[in-house]
Protein chains: 2
Amino acid sequence: MRRPNGPELDRDRLIGAAFAVLAQEGLDGLTMRKVAAHLGVQAPAIYWHVEDKAMLLGSMARDIYADAYAACPGAQDWRQWLLQFGAALRASFARRRDGARLCATAKPVAHPDPKENAARIAAPLVALGLDPQAALSFQAVVISYVLGWSMFEANGPMHDFLDRIMPFGETFQTGLDAIVGGLSNPYAH
Amino acid sequence: MRRPNGPELDRDRLIGAAFAVLAQEGLDGLTMRKVAAHLGVQAPAIYWHVEDKAMLLGSMARDIYADAYAACPGAQDWRQWLLQFGAALRASFARRRDGARLCATAKPVAHPDPKENAARIAAPLVALGLDPQAALSFQAVVISYVLGWSMFEANGPMHDFLDRIMPFGETFQTGLDAIVGGLSNPYAH
DNA sequence: ACCTGAACACCGTTCAAGT
DNA sequence: ACCTGAACACCGTTCAAGT
């Protein structure tokens, strides 16, 4: 089908195809066979390039988080960064079908050294004056909220249910503001 | 196998069996065939008592939420109620294997009348002086946070990852306190 | 009314075999 | 090195048929 220059698959084309299938079929329809078909290949071929489906989903989740981090540069203080990040993460989840559910169930793909991971994740908030522990905890809190909210937003029947009894769309910002406003820097005071 | 008094199945026995399978196998192992086997019956028999698997999961989710509501009586003000409810919901999720994931993906089973649902859900907070809109929105915010946090807690590899870079267990309360402290009653501007 | 048997159209994954 | 074919042990769901 093609082959002169390089293999049929590689990790990037694989993840790209997986996102394409996700967009068309949703997470429940994201099967190894459909991803393979999208690449003009048989399902077992995928296993040459990736250990299993969990690894593929983990790589997709990493991309979704990475988009959110990339979308919030130039914040003036840590509260502003958390507000920007919360909004960006919500948008990144919403940009892919079932993005939040994917990230909630995916295994993390990360550097083997915890210190490395911690430093990289904490960096943007540490640069704005937060101590490293708070940087990580505050992010975990914001991510948890955005993830939970986004799961409801993407769950069709649940979203309909909520939208009929409250202004669900506006509630996201209400909650995010409350969280960021309620968090307090252990340094200051 | 038995039959003198009543049918082999009924909705309650069915949901009970589903929770038993969930405990043993997790959400991915919760299959119609295994639930049926647990009841000494063939898989298609289940479809006489329940429309499909989604309905069964919805009923299970309702039970999980109900436990949390039942666990926080006697609060003195709406902030205290939200704190109690957040902790109770986290415990209710943790009591079942994959409880949070189940509730995140389940379709709501509810009264057909939205007003009914809204009134029932808002009731405990309205009784403590919150206006109905805030009662619903604040609950949605707390539930979103607890759900997201509980999903990470129940995702083994993710939990390990987080626990290595922060005091993940303590973070729950930090976040819950921030949210409840940051929310403000529109009545008492 | 309530359940079984058999079938349909799928899954993820393994593994020998091809090229 | 990279992919196919065939298979294994599963899924949720439908539906005629039994009792």
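Convention: sequence-line order gives letters A, B, ...; per-chain numbering from 1.
- Projected onto DNA chain D by closest heavy-atom contact, A:Gln42 and B:Glu51 fall at different nucleotides, the more 5' of which corresponds to A:Gln42.
- An OP1 or OP2 oxygen of D:dC2 is reached within less than 4.0 angstrom by a side-chain nitrogen or oxygen of A:Trp48.
- Straight-line distance from the CZ atom of A:Arg13 to the C1' atom of D:dC3: 14 Å, rounded to whole Å.
- Under 4.0 Å is where a charged nitrogen must lie from a carboxylate oxygen, and between A:Arg90 and A:Glu153 at least one such pair does.
- Taking a 4.0 Å limit (strictly below) on heavy-atom distances, residues 26-36 of chain A reaches DNA chain C at A:Leu30, A:Thr31, A:Met32, A:Arg33, A:Lys34.
- Using a 4.0 Å cut-off between a side-chain N of Lys or Arg and a carboxylate O of Asp or Glu, A:Asp67 and A:Arg96 qualify as a salt bridge.
- When ring centroids are compared, B:Tyr145 and B:Phe172 come within the 6.0 Å threshold.
- When atom types are taken as modelled, the side chain of B:Asn117 and the backbone of B:His111 share a donor-acceptor pair closer than 3.5 angstrom.
- Contact annotation: B:His49 reaches the phosphate of C:dC3 (side-chain N/O to OP1 or OP2, under 4.0 Å).
- Going from atom NZ of B:Lys53 over to atom C1' of D:dT14 covers 17 Å, rounded to whole Å.
- Judged by distance alone, the side chain of A:Asp98 and the main-chain N or O of A:Gly26 form no donor-acceptor pair under 3.5 Å.
- Spacing between atom CE of A:Met55 and atom C1' of C:dG12 amounts to 16 Å, rounded to whole angstrom units.
- Taking atom P on both D:dA9 and C:dA9, the two are 22 Å apart, rounded to the nearest angstrom.
- A pairwise comparison of heavy atoms in A:Val50 and A:Leu14 identifies CB-CD2, 4.1 Å as the closest pair.
- Among all heavy-atom pairs drawn from B:Arg164 and A:Pro114, the shortest one is CD-CG, 3.7 Å.
- For the pair B:Tyr47 OH and D:dC15 P, the interatomic distance rounds to 13 Å; values are reported in whole Å.
- One can place CD of A:Glu25 at 18 Å from P of C:dA9, the figure rounded to the nearest angstrom.
- Contact annotation: the side chain of B:Asp131 never approaches that of B:Val126 to less than 4.5 Å [non-hydrogen atoms, C-beta and beyond].
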| Just the dot-bracket of DNA chain D, please: which string comes out with Watson-Crick or G-U pairs under 3.5 Å, [ ] for crossing, | for another strand? | ||.|||||...|||||.||
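- Closest-nucleotide positions on DNA chain C for A:Pro44 and B:Pro44 were compared, and the one nearer the 5' end corresponds to B:Pro44.
- Taking the six-membered ring for Trp and the full ring otherwise, B:His159 and B:Phe168 have centroids separated by under 6.0 Å.
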